[in-house]
Amino acid sequence: DAKTTQPTSMDCAEGRAANLPCNHSTISGNEYVYWYRQIHSQGPQYIIHGLKNNETNEMASLIITEDRKSSTLILPHATLRDTAVYYCIVRASGGQLTFGSGTQLTVLP
Amino acid sequence: EPEVTQTPSHQVTQMGQEVILRCVPISNHLYFYWYRQILGQKVEFLVSFYNNEISEKSEIFDDQFSVERPDGSNFTLKIRSTKLEDSAMYFCASSRQGGQPQHFGDGTRLSIL
């Protein structure tokens with residue numbers, strides 16, 4: 001699976017959009033981009049995934065660049081409960097998830 | 001919304017003892033996984049299970065580990081003779097199909113004394 005690069009930490013003001021970037025320059029054509037988050041020591045929570053089109057669900061939006069070498073997770077109106085470690089993971093259609101260190105997002109009041 | 005449930009939430013065991021961690025995956029899911037996270041470290045894949053067989057396992061998943069789906073609802077991870085370094089959070093996950101998102105439980109904290 002392709003390696004991903006994320007900033008170690010980010011802050012965001014409550015109510016504002018949180019934009020979390022991820023680089024995956026070695027992504028293959030059959031690999032999806034997945035986003036998970038982990039709040040404190042709870043289990044990772046699935047957020048969203050995509051192949052090449054932008055995706056939106058009730059939690060977030062995923063913007064994937066045309067060359068697929070990077071993506072951005074957008075939380076449109078961040079709340080204090082969105083404070084978590086966010087993981088960008090690239091993988092082919094099945095198999096294990098390989099977690100990196102992720103981005104610690106802190107939403108500030 | 002259906003969820004993966006894990007029991008117990010915290011297990012304390014003496015080194016050398018056997019431990020069984022239990023998981024109830026989401027009911028219509030066919031693929032099952034175990035991951036672990038040592039305190040302060042990354043989440044690590046242990047094993048995946050489909051159609052009553054291990055489909056993939058990591059180097060961590062050695063002969064001390066085994067998995068089983070004893071009935072139609074439970075999925076268990078057994079550690080035969082625990083070591084101090086087995087202390088970690090153990091997460092179970094399931095997915096409907098192999099390529100679909102994995103949904104995680106809240107984990108079992110295993111403490112080996």
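Each chain gets a letter, A, B and so on, in the order the sequences are listed, and its residues count up from 1. This is a predicted model, so every value here is computed, not measured.
- Each of B/Tyr35, B/Tyr90, B/Phe91 was checked for a ring pair (Phe, Tyr, Trp, His ring centres under 6.0 Å) with B/Phe45, and the lone residue meeting it is B/Tyr35.
- Judged by distance alone, the side chains of A/Ser25 and A/Asn23 never bring a donor and an acceptor atom under 3.5 Å apart.
- Of the possible donor and acceptor atoms, none in the side chain of A/Glu55 sits under 3.5 Å from a partner among the backbone N and O of A/Gly50.
- Taking the centre and axis of the six-membered ring of A/Tyr34, the NZ or CZ atom of A/Arg91 falls inside the cone set by 45° and 6.0 Å.
- For A/Gln45, no part lies under 4.5 angstrom from a heavy atom of chain B.
- With a 4.5 angstrom heavy-atom cutoff, B/Gln37 touches chain A only via side-chain atoms.
- Interface residue B/Gln102: backbone and side-chain heavy atoms are both found under 4.5 Å from chain A.
- Using a 4.5 Å cut-off between heavy atoms, B/Tyr31 does not touch chain A at all.
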